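For reference, the structure is listed below as structure tokens.
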Amino acid sequence: MKKCIISCLAMVAMSAAAQKATVTIDVNKPTHKVSPTLFGIFLEDINLSVDGGLYPELVRNRSFEDADSLCFWQYSAAKGNAVVAKADLGNMKKPMPPLNHNNRKFLSVTADGSFSLANNGFWGMNIVQGEKYDFSIALRTPTSYKGSLKAKIVDSNNKVLAEMELKSVTGEWKYTKATLSAKGSATDARLVIEGNGKGELCMDMISLMPQKRWGKSGVRTDLGEALKALRPTFFRFLGGCWVEGEEIAQRYQWKNTIGPMDSRIPLWNIWGYNATHGIGYHEYLQLAKDLGAEPLFCINAGVSHKEVIPSDQIDQWIQDALDAIEYANGPVTSVWGAARARNGHPEPFNMKYIEVGNENFGSVYFRNFELISNAIKARYPEMQIISNDWSGAHPTKPAHAMVDEHYYNNPDWFILNANKYDNRKRGEEQVFIGEYAVTSKCGKGNLRGAVGEAAFMTGLERNSDVVAMAAYAPLFCNVKHQRWPINLIN
């Protein structure tokens, strides 16, 4: 039996030697240069990847806009109650004006003794001993409130990690801000607003943010560092399906995401939660700059999952695209360049890429794309425009546009398609692979899936005279809210 084993091993070794491959490299015959923008990143707010992830806000539903109930808050009191109030903007003489016209909901507490209001954030707040946290709250009392009020960070055993007194509650909305220093650590901490008094008290925009943040974009430190370690050449944002929305009214509108935080309009996200826009258009541009990556903004083309806007009604979409480019690149003497300067960045961001639509196709999209694209090129001829070709049947194949193609499949498909672009005709449109990933037959993400993607990427590199840019997707996933099977960073 031993001789048989030895003999079998020898045969295997001989067979392996016979099949030994030789790779010959002729350095005197280089092919095309590898695209300098080949591998980048794509961030869509999916899986609570921004709120609950990259955006470091620890309080969930800080502005009470998520629902008409105390969503993600817990209120307790022997007497009195707490309700989410919605201001009547048609009658501002009523005694309950909102914080501003965009932030219409707030919490109204009717106190009669002791009460507490608690927020666990996103499945517990991570508090680190010695670190500092910026706390802020907007308060007003419509009639009067007499009594004590304090803010505390506590762990799951109610041990106080930090606290402060809240004073100066007046008849008008007024912010109270402070720095809280953590006396201990906890991964399951919560913020508690605690009072003992009598009267009515209104609260809004309750925020707790770690002072230690990454880059000028101010994102969560460990995730910002993880992105930097990827060394992305470009940064595509912000979608994905969220660019379209389930309905047109739920599409991403960048003008609602800039300026003061309390004036940004939250939006119901197609992936099942309300997005605060704490990271808005400006912060996405800044994050690209922090990463040293080219910003690539994806805009709506008048197409949602359920609706399309006829081409004769697309003027607003054209203007939004032109204004977005002016915000990113325009001089401070322009309308939107001045807005960028007011938001802290007078220098242009020098955005070069804009994508019109996401996974769109059909006659209306093709016509809308043509109108939006031509308007952009007329005013900004230097912009690189990216088109969708989801049906593989774009009728015009515009010479000035790159085409976006997406691939999700199993490991074998990616291995077998490593040569997908070997025979693509050269000299025509360039390809942008805006999304690709192994998403099936790979468990929860395993080595086989990684090998499949790696094989595909060698084909992209070999054909990077055609494939100019490519990005894996999705980028982030909060493990408590997984809406996509396989993700890059959990």
Side-chain angles (χ1 to χ4, degrees), residues 42 44-45 102 236-259 264-270 275 277 280-282 284-285 295-330 334-337 339-340 349 351-391 394-404 406 432 434:
F42 158 55
E44 178 178 5
D45 197 347
N102 290 340
R236 179 189 181 222
F237 60 93
L238 53 91
C241 291
W242 203 29
V243 169
E244 304 149 281
E246 194 69 7
E247 299 175 349
I248 285 291
Q250 293 175 331
R251 74 192 186 279
Y252 182 89
Q253 299 182 67
W254 69 268
K255 291 175 183 175
N256 293 339
T257 75
I258 59 174
R264 301 185 185 190
I265 302 175
L267 182 64
W268 179 253
N269 186 312
I270 193 172
H277 293 144
Y281 182 53
H282 184 96
Y284 280 119
L285 290 167
L296 191 164
F297 181 43
C298 186
I299 63 172
N300 186 277
V303 180
S304 74
H305 285 183
K306 294 181 178 179
E307 304 159 283
V308 291
I309 298 299
S311 299
D312 60 358
Q313 299 175 29
I314 205 70
D315 286 355
Q316 177 188 333
W317 277 257
I318 293 173
Q319 194 60 53
D320 278 349
L322 296 175
D323 292 346
I325 298 170
E326 183 174 283
Y327 185 95
N329 298 346
S334 65
V335 171
W336 290 105
R340 182 192 68 241
F349 283 109
M351 183 170 71
K352 301 172 185 174
Y353 300 89
I354 190 162
E355 180 172 3
V356 181
N358 173 74
E359 296 183 357
N360 298 152
F361 62 94
S363 58
V364 177
Y365 166 72
F366 294 138
R367 178 57 179 157
N368 287 356
F369 169 82
E370 185 179 14
L371 292 171
I372 297 170
S373 173
N374 288 344
I376 291 172
K377 275 296 181 180
R379 184 173 299 183
Y380 301 103
E382 72 282 1
M383 290 297 297
Q384 173 65 67
I385 302 172
I386 300 170
S387 166
N388 298 168
D389 195 6
W390 201 237
S391 64
H394 201 302
T396 57
K397 295 288 185 183
H400 59 253
M402 193 182 295
V403 62
D404 185 3
H406 297 177
F432 167 50

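Nothing here was measured: the structure is a model prediction, and the numbers come from that model. Just so it is clear, the values below take in all heavy atoms, side chains as well, and ignore hydrogens, waters and symmetry mates.
Taking the side chain as every heavy atom from C-beta outward, Val308 and Asn368 never approach each other to under 4.5 Å. Side chains of Ile376 and Leu322 form a contact here, defined as non-hydrogen atoms less than 4.5 Å apart. When side chains are defined from C-beta on, Gln384 does not count as touching Phe432, because their heavy atoms never get closer than 4.5 Å. Using a 4.5 Å heavy-atom cutoff, the side chains of Leu238 and Val243 are in contact.
Across every non-hydrogen atom of Gly240 and Glu44, the tightest pair is CA-OE1, 3.3 Å. Of all heavy-atom pairs between Asp404 and Gly434, the closest is OD1-N, 2.9 Å. Shortest non-hydrogen contact noted between Glu382 and Lys377 is C-NZ, 4.4 Å. When all heavy atoms of Ala301 and Ile372 are compared, the closest pair comes out as CA-CD1, 4.1 Å. Counting all heavy atoms, side chain and backbone alike, Asn358 lies closest to Arg236 at OD1-NH2, 3.0 Å.
Going from atom NZ of Lys306 over to atom CD of Glu246 covers 4.5 Å, rounded to the nearest 0.5 Å. The distance from the CZ atom of Arg340 to the CG atom of Asn329 is 7.5 Å, given to the nearest 0.5 Å. Between the CD1 atom of Ile248 and the CG atom of Asn300 there is a distance of 5.0 Å, given to the nearest 0.5 Å. Atom-to-atom distance recorded for Arg251:CZ and Glu244:CD is 12.5 Å, nearest 0.5 angstrom. Note: Ile385 CD1 to Ser373 OG = 3.5 Å, rounded to the nearest 0.5 Å. Atom CD1 of residue Ile270 and atom OG of residue Ser304 lie 8.5 Å apart, to the nearest 0.5 angstrom.
In this structure, a donor-acceptor pair under 3.5 Å is present between the side chains of Glu355 and Asn388.
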Mind running side chain to side chain contact (heavy atoms under 4.5 Å, CB included) on Arg367 and Ile314 for me, showing each step along the way?
-> CA-CA 10 Å; Arg367 178 57 179 157; Ile314 205 70; over 6 Å; no
Starting from the C-alpha separation in whole Å, work towards a yes-or-no answer on side chain to side chain contact (heavy atoms under 4.5 Å, CB included) for Ile318 and Leu371.
-> CA-CA 8 Å; Ile318 293 173; Leu371 292 171; 4.2 Å; yes
Is there a side chain to side chain contact (heavy atoms under 4.5 Å, CB included) between Cys298 and Trp242 once you walk through the steps?
-> CA-CA 10 Å; Cys298 186; Trp242 203 29; over 6 Å; no
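With ring centers used as reference points, Tyr252 lies under 6.0 Å from His277. In summary, the aromatic rings of Phe42 and Phe237 are positioned with their centroids too far apart to meet the 6.0 Å limit. Between Trp254 and Tyr284, the distance from one ring center to the other does not fall under 6.0 angstrom.
Among the candidates Tyr327, Tyr353, Tyr281, Phe349, the single residue satisfying the side-chain contact (heavy atoms from CB on, under 4.5 Å) test with Phe297 is Tyr281.
Remark: the backbone N or O of Asp45 is paired with a side-chain donor or acceptor of Asn269 at under 3.5 angstrom.
For Asp320, the salt bridge (charged side-chain N to carboxylate O under 4.0 Å, His left out) partners are Lys255, not counting sequence neighbours.
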